[in-house]
Number of protein chains: 2
Amino acid sequence: MTPPPRQRATVHDVVARAGVSRGTVSRFLNGTGYVSADAAARIEAAIEAVGYVRNNAARNLVTQRSMAVGFVVHEPHQLFLGDPNIGSIMLGTNDALADAGYQLVVLVVASDSDAERVSTYLRGGFVDGVVLVSARTHDAVAEAVEKIALPAAVIGQPEGGGSLPHVAIDNHAAAREITERLVATGRRRVGMLASALDRDSGADRLAGFTEALGERFDESLVVTDPLYSYTSGVRGMAELLRRDPSVDGVFAASDAVAAGAIETLRAHGRRIPEDVGIVGFDDSDWAQRCTPKLSTVAQPAHDIGHAAARLVLDQLRSPEAAANVTLPTTVVWRASA
Amino acid sequence: MTPPPRQRATVHDVVARAGVSRGTVSRFLNGTGYVSADAAARIEAAIEAVGYVRNNAARNLVTQRSMAVGFVVHEPHQLFLGDPNIGSIMLGTNDALADAGYQLVVLVVASDSDAERVSTYLRGGFVDGVVLVSARTHDAVAEAVEKIALPAAVIGQPEGGGSLPHVAIDNHAAAREITERLVATGRRRVGMLASALDRDSGADRLAGFTEALGERFDESLVVTDPLYSYTSGVRGMAELLRRDPSVDGVFAASDAVAAGAIETLRAHGRRIPEDVGIVGFDDSDWAQRCTPKLSTVAQPAHDIGHAAARLVLDQLRSPEAAANVTLPTTVVWRASA
DNA sequence: TTGTACGCGTTATCAC
DNA sequence: GTGATAACGCGTACAA
């Protein structure tokens, strides 16, 4: 039982012990071939003896790549903790990267100083590319990434239309589709609990809703809130009922909002879906938990993450490849409408 | 408007442009002083002109530290997506690290090959330390970390009692406390929906429950499930009611489990808290969402993450510092019992 | 105050 | 097959 070496062993130590040159050890390590069976055996023994593990930081310095890709997530506005999709997106990215032998490193931005430090990290040579999640307009990190021309992909197209390639879902079409479906159940007074109109997702969902209703669209039946939250659903629905007690259909901008709205509807004695039909967006845990279960729009979260990773990997291969990606959503019809 | 340089500029380029030596540029960059105003100005201009950004990977090679700390999270068993505390813990860790000027890098382990790759990454010299979240017994990553003697802290003490220092809450005491509180409301037949008995948290919560009940403990009133999930609560409660329809008190191993149990209780016509009092664990979103709101145990998630980071940072300063930390929980009494 | 030379731990390119 | 030797981009004694 030898105690673990306190000081890291380097190739030098292996060289000394095995009695071969640095070049030979390196070739052995990288499986480049051209190393005799005898030398290989001695090297292997030496590595074991001195407890050598390769310093990849040094290796990357000469190979000029890190085999790692960053994944930047912004915490403000409950984006990280609240959004149930973010986890799946991350896993999708991880899957795609792992297949290609890349390491995913997640970076959290929870303050301005974080943004600064993360930008520095991204510039530091620790990652070969980066996936930006839901960058807001004029995002500091996105700007830094653009400046140093780091291969990147942003999830959820930024309004400003920064030059970074993005992968997104068609919020507009999805909202239109589920609204039409809701209308088809015979609802006459259909309202919307809109959220986050300052983000492309929120604005597009409202646009899709508006288009679906066409002539029958009534501006007074749209209640807005900055957040996609349960609480905003509770309050928004109360407001909607106040404006027009006869509403019999509701499109909530997210499942969380829908869940809150259901709570309010129940408190007001409305039966679902008999009196009021309601649909959400995301197909998150919320949708399954609601009573009755929520009809909603399913986002291909895993695929989104996967596509973003592919977008970065493609750029790593050929610097020009950078086509935006739009992924299809599907309406999941359950019992709430 | 000069286009961004395609090839990264190095100190060499700055040197050439500013007409000074490498040493002077380096001193300027690190604010070590000993650089004339004239030289500083020329260097500054040159940096701007060639668009130089320091390569920290190379810098770390010579300084022998990365100023980054890893945060390894295991995805299996819904640990990541499901656990509402994990996000807060992560933010707590991020806060502590940011204060010390360190960068948090989150690493996800979702497969065996991921564990392998992450271990390699950890060994690679990219991080100065690491926080391991809920490492399972015989965790591959934990073993690798121990082997290379990387400063570390694990959250939620591992059963095996690996030599890594840990930060945890006293699940046993917390479970005992809330169970006593539940009993104090006059419940006679108190059952438990236990989960994850293979993890220390799950086993300890059951032990605390058992201790609190003492004489009145009835083994048949304990239903177990491998997961801390909503679904396990739904099923577990049904089973509990089947075993003894007269249960009037329930301690659920987590808020999610409690939420599922409430659903079942409601379906069986039981009123809460009139007919059955129920309490949970975590004080997560679920607790606020339940109707009625859940009485539960609040975990200091942010503090846990913060403490883990401190534990790592302390070891970075003096290699010996490694005292385990146990953080206090608080009972949050609401309307469900 | 400034410049020179060396080293951090690897890989890559050569002659041998 | 193998072993010097030159990078990779940077910090830092040390000498000037």
How many whole angstroms separate atom [atom1] of [X] from atom [atom2] of [N]?
X	N	atom1	atom2	result
A:Asn55	D:dC8	CG	P	19 Å
B:Asp38	C:dG3	CG	P	11 Å
A:Leu29	C:dA12	CG	P	12 Å
B:Arg65	D:dC10	CZ	C1'	14 Å
B:Asn60	C:dT10	CG	C1'	15 Å
B:Gln64	C:dT10	CD	C1'	13 Å
B:Ile47	D:dC10	CD1	C1'	13 Å
A:Phe28	D:dG1	CZ	P	16 Å

Is atom CD of A:Glu143 surrounded by more than 12 heavy atoms (other residues, nucleotides or ligands) closer than 6.0 Å?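 Yes - once you tally the heavy atoms of other residues, nucleotides and ligands closer than 6.0 Å, there are more than 12.
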Is it the case that the ring center of B:Phe126 lies less than 6.0 angstrom away from the ring center of B:Tyr121?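 Yes: the rings meet the under 6.0 Å criterion.
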Considering all heavy atoms, the nearest [X]-[Y] contact:
X	Y	value
A:Val141	A:Ser119	CA-OG, 3.7 Å
B:Phe28	B:Val35	CA-CG1, 4.4 Å
B:Ile148	B:Leu122	CD1-O, 4.0 Å

Using a cut-off of 4.0 Å on non-hydrogen atoms, how would the nucleic acid contact of B:Ala57 be classed: base, sugar-phosphate, or nothing?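 B:Ala57: no heavy atom of the nucleic acid under 4.0 Å.
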Could you check whether A:Val14 gets within reach of a base, just the sugar-phosphate, or nothing at all, counting any heavy atom under 4.0 Å?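 Answer is nothing: A:Val14 stays at 4.0 Å or more from every strand.
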Taking only the side-chain nitrogens and oxygens of [X], find out if one of them lies under 4.0 Å from OP1 or OP2 of [N].
X	N	answer
B:Arg59	D:dG11	yes
B:Asn56	D:dC10	no
B:Tyr52	D:dC10	yes
A:Thr24	D:dG3	yes

Among [options], which nucleotide sits nearest the side chain of [X]?
X	options	answer
B:Val20	C:dG3, D:dC10, D:dT2	C:dG3
B:Arg27	D:dA13, D:dG11, D:dT2	D:dA13
B:Val62	D:dT2, D:dG9, C:dT4	D:dG9
B:Thr63	D:dG11, C:dT2, C:dT10	D:dG11

Is it the case that the side chain of A:Gln315 and the backbone of A:Ala322 share a donor-acceptor pair, with hydrogens and angles ignored and the cut-off at 3.5 Å?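 A pair under 3.5 Å: no.
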Here's a test of your reading of the structure: between B:Leu61 and B:Ser26, which maps to the more 5' nucleotide of DNA chain D?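 Result: B:Leu61.
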Check: B:Arg22 side chain, D:dG9 base, donor-acceptor under 3.5 Å: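 Flag unset: no donor-acceptor pair detected.
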Tell whether B:Arg54 reaches the base of D:dG11 with its side chain through a donor-acceptor pair below 3.5 angstrom.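 There is none.
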